[in-house]
Enquirer: 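Let me give you the structure first, and then I'll get to my questions.
Read the numbers this way: they start at 1 and go in the same order the structure lists the ligands and their atoms. Computed from a predicted model, the values in this text were never measured in an experiment.
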Amino acid sequence: MRISVIGGGYVGLVSAVCFAELGHSVDLVEIDRAKCDAINAGHPPIYENGLEELLSAHAGKNLHAYVEYDHIKYSDIIFICVGTPQGPDGHPDLSNIISSSESIGRALRDTDDTRYHVVVVKSTVPPGTTEKQVIPSVLRQSGKKNDKIGFAVNPEFLREGMAVWDFMNPDRIVIGCRENRVGDLVEAAYSGIKAPVIRTGIAAAEMIKYASNAFLATKISYANEIGNICKKLGIDVYEVMRAVGRDSRIGPAFLNAGTGFGGSCLPKDVSALIALAEDLGENPVLLKSVMHINKLQPLRLIDLLIKRVGDLDGKKISVLGLSFKENTDDVRESRSVVVIKELISRGARVSAYDPRANQSMKRILPEVDYCSSASESLTDADACLVMTEWPEFAHLDKEFDLMKSRVIIEGRRILSCKDREGICW
Ligand code: UDX
């Protein structure tokens with residue numbers, strides 16, 4: 001099968017590489033020339049576990065990146081994988097979706113009319129976007145009728161850091177479409193992957209992505225709320241959730257209390273769902289509470305810190321972990337950003353260390369001292385905040401002796417040494 005993927009970000013690049021690994025011939029469109037060149041040279045512009053090995057195996061063979069859309073006219077299926085970042089009012093910014101739909105339409109204008117193409121939206125878009133915006137703009141620009149181009153929605157559920165694994169081992173494949181022949185073609189792109197396929201309507205497939213991420217976010221805020229109560233009672237919330245999660249109706253995943261959820265998806269998708277609900281005249285109080293808990297949660301770490309060391313003015317605080325979770329260099333919506341900003345506003349000096357994310361954080365917060373090891377960051381610190389569950393932090397112990405005193409506060413449960421205090425434990 002010949003497949004095109006539009007967008008060489010986390011979702012597009014991982015999808016392109018994995019479709020190539022499944023044996024398809026893949027054309028990736030990435031309008032940033034530098035990224036495009038890096039991809040063709042076999043070097044992923046982002047860090048993602050297992051991606052480099054697969055990209056170097058397929059780049060220049062059955063995977064080619066282009067800055068133009070021309071090659072997509074040879075494709076059976078075209079996946080739209082462009083970003084839908086959060087706009088100022090909570091609604092996602094759909095400008096990349098609209099411009100890529102128009103470019104796809106223009107590229108398909110002069111194709112042979114006997115050829116059938118399917119355009120698939122993989123980007124996260126509000127219900128109704130594909131029907132109201134993508135389909136009309138592809139058809140308008142291409143000058144074709146919908147018997148020549150089919151449309152589907154196929155949301156991604158890829159976790160950063162685990163995206164290649166998640167693509168190859170999904171819990172389910174959701175395909176939203178109007179016609180069986182469209183669904184059959186999209187399903188064929190995944191042949192070789194063992195997973196239940198769920199066929200739905202187009203808008204339902206768009207909603208499934210929001211509903212899934214909102215539920216995951218709700219589980220986290222729920223665990224944090226219970227955790228905050230547990231902390232007051234001197235109970236370890238991890239002991240509680242270990243048993244709660246064993247109820248098969250609840251499940252153990254996403255019950256880890258801490259400083260809350262960050263990253264490029266959960267905060268953005270819950271905000272988008274709230275905005276959508278309000279547009280419809282609903283007041284989504286549960287989702288608003290999920291976000292409210294998430295906003296306040298990292299600041300509890302600051303309260304705990306002040307209780308332990310007093311006024312922060314002039315104090316040196318070591319922050320271990322900057323990425324929004326382990327195994328990534330991504331700092332988008334990282335709880336560390338919120339915490340470090342608060343520390344700086346209270347006059348603290350911040351010495352930070354992350355195994356991968358120092359550079360990405362430096363672009364946002366240049367005033368922080370970035371260290372090349374945990375030991376360097378801890379030396380002479382008045383206190384330490386652990387913000388990310390990096391495995392290399394698990395066995396830190398004697399390194400804390402480099403601090404003025406062992407004031408160690410965990411925002412994520414990862415340490416095993418004595419003297420640590422957790423945000424909810
Ligand atoms: C998420 C979804 O999991 C994925 O299906 C979707 O397609 C994209 O969004 P991702 O953003 O990569 O993936 O990260 P995820 O592993 O879901 O973690 C999100 C945030 O929640 C992180 O900051 C993480 O530390 C936090 N988290 C996660 C918790 O605080 N507690 C938990 O129990 C789980």
Enquirer: Report yes if the side chains of Ile6 and Ile78 come closer than 4.5 Å at any heavy-atom pair, otherwise no.
Expert: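 Of all side-chain heavy-atom pairs linking Ile78 with Ile6, at least one is under 4.5 Å.
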
Enquirer: Quick one: ring pair (Phe, Tyr, Trp, His ring centres under 6.0 Å) pairs with a partner in residues 200-242, sequence neighbours left out?
Expert: Tyr238-Trp425

Enquirer: Under 3.5 Å, side-chain donor or acceptor atoms of residues 384-396 against the rest of the protein: list the pairs with distances, not counting sequence neighbours.
Expert:
{"residue": "Thr388", "atom": "OG1", "partner": "Leu322", "partner atom": "N", "Å": "3.4"}
{"residue": "Thr388", "atom": "OG1", "partner": "Ser323", "partner atom": "O", "Å": "3.0"}
{"residue": "Trp390", "atom": "NE1", "partner": "Ser323", "partner atom": "OG", "Å": "3.3"}
{"residue": "Trp390", "atom": "NE1", "partner": "Asp354", "partner atom": "OD1", "Å": "3.4"}
{"residue": "Trp390", "atom": "NE1", "partner": "Asp354", "partner atom": "OD2", "Å": "2.9"}
{"residue": "Glu392", "atom": "OE2", "partner": "Tyr353", "partner atom": "OH", "Å": "2.8"}

Enquirer: Side chains of Asn294 and Leu266: does their closest heavy-atom pair fall under 4.5 Å?
Expert: no

Enquirer: Going by the side-chain hydrogen bond (donor to acceptor under 3.5 Å, both in side chains) test, which pairs reach into residues 195-209, not counting sequence neighbours?
Expert: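 Every pair satisfying side-chain hydrogen bond (donor to acceptor under 3.5 Å, both in side chains) with a residue in residues 195-209: Thr124-Lys209, Thr130-Glu206, Glu156-Lys209, Asp184-Arg199, Glu187-Arg199.
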
Enquirer: Please tabulate protein-ligand N/O pairs under 3.5 Å for ligand 1, atom names and distances to 0.1 Å.
Expert:
{"residue": "ligand 1", "atom": "5 (O)", "partner": "Phe157", "partner atom": "O", "Å": "3.2"}
{"residue": "ligand 1", "atom": "7 (O)", "partner": "Glu156", "partner atom": "OE1", "Å": "3.3"}
{"residue": "ligand 1", "atom": "7 (O)", "partner": "Leu158", "partner atom": "N", "Å": "3.3"}
{"residue": "ligand 1", "atom": "7 (O)", "partner": "Leu158", "partner atom": "O", "Å": "3.3"}
{"residue": "ligand 1", "atom": "12 (O)", "partner": "Glu160", "partner atom": "N", "Å": "2.6"}
{"residue": "ligand 1", "atom": "12 (O)", "partner": "Lys325", "partner atom": "NZ", "Å": "3.1"}
{"residue": "ligand 1", "atom": "14 (O)", "partner": "Lys325", "partner atom": "NZ", "Å": "3.2"}
{"residue": "ligand 1", "atom": "16 (O)", "partner": "Lys325", "partner atom": "NZ", "Å": "3.0"}
{"residue": "ligand 1", "atom": "23 (O)", "partner": "Gly262", "partner atom": "N", "Å": "3.0"}
{"residue": "ligand 1", "atom": "23 (O)", "partner": "Phe324", "partner atom": "O", "Å": "2.9"}
{"residue": "ligand 1", "atom": "25 (O)", "partner": "Arg412", "partner atom": "NH1", "Å": "3.4"}
{"residue": "ligand 1", "atom": "30 (O)", "partner": "Arg412", "partner atom": "NH1", "Å": "2.9"}
{"residue": "ligand 1", "atom": "31 (N)", "partner": "Asn256", "partner atom": "O", "Å": "3.0"}
{"residue": "ligand 1", "atom": "33 (O)", "partner": "Leu255", "partner atom": "N", "Å": "3.4"}
{"residue": "ligand 1", "atom": "33 (O)", "partner": "Asn256", "partner atom": "N", "Å": "2.9"}

Enquirer: Measure the CD1-CD1 distance between Ile317 and Ile344 for me, rounded to the nearest 0.5 Å.
Expert: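 Reported to 0.5 Å precision, the distance equals 11.5 Å.
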
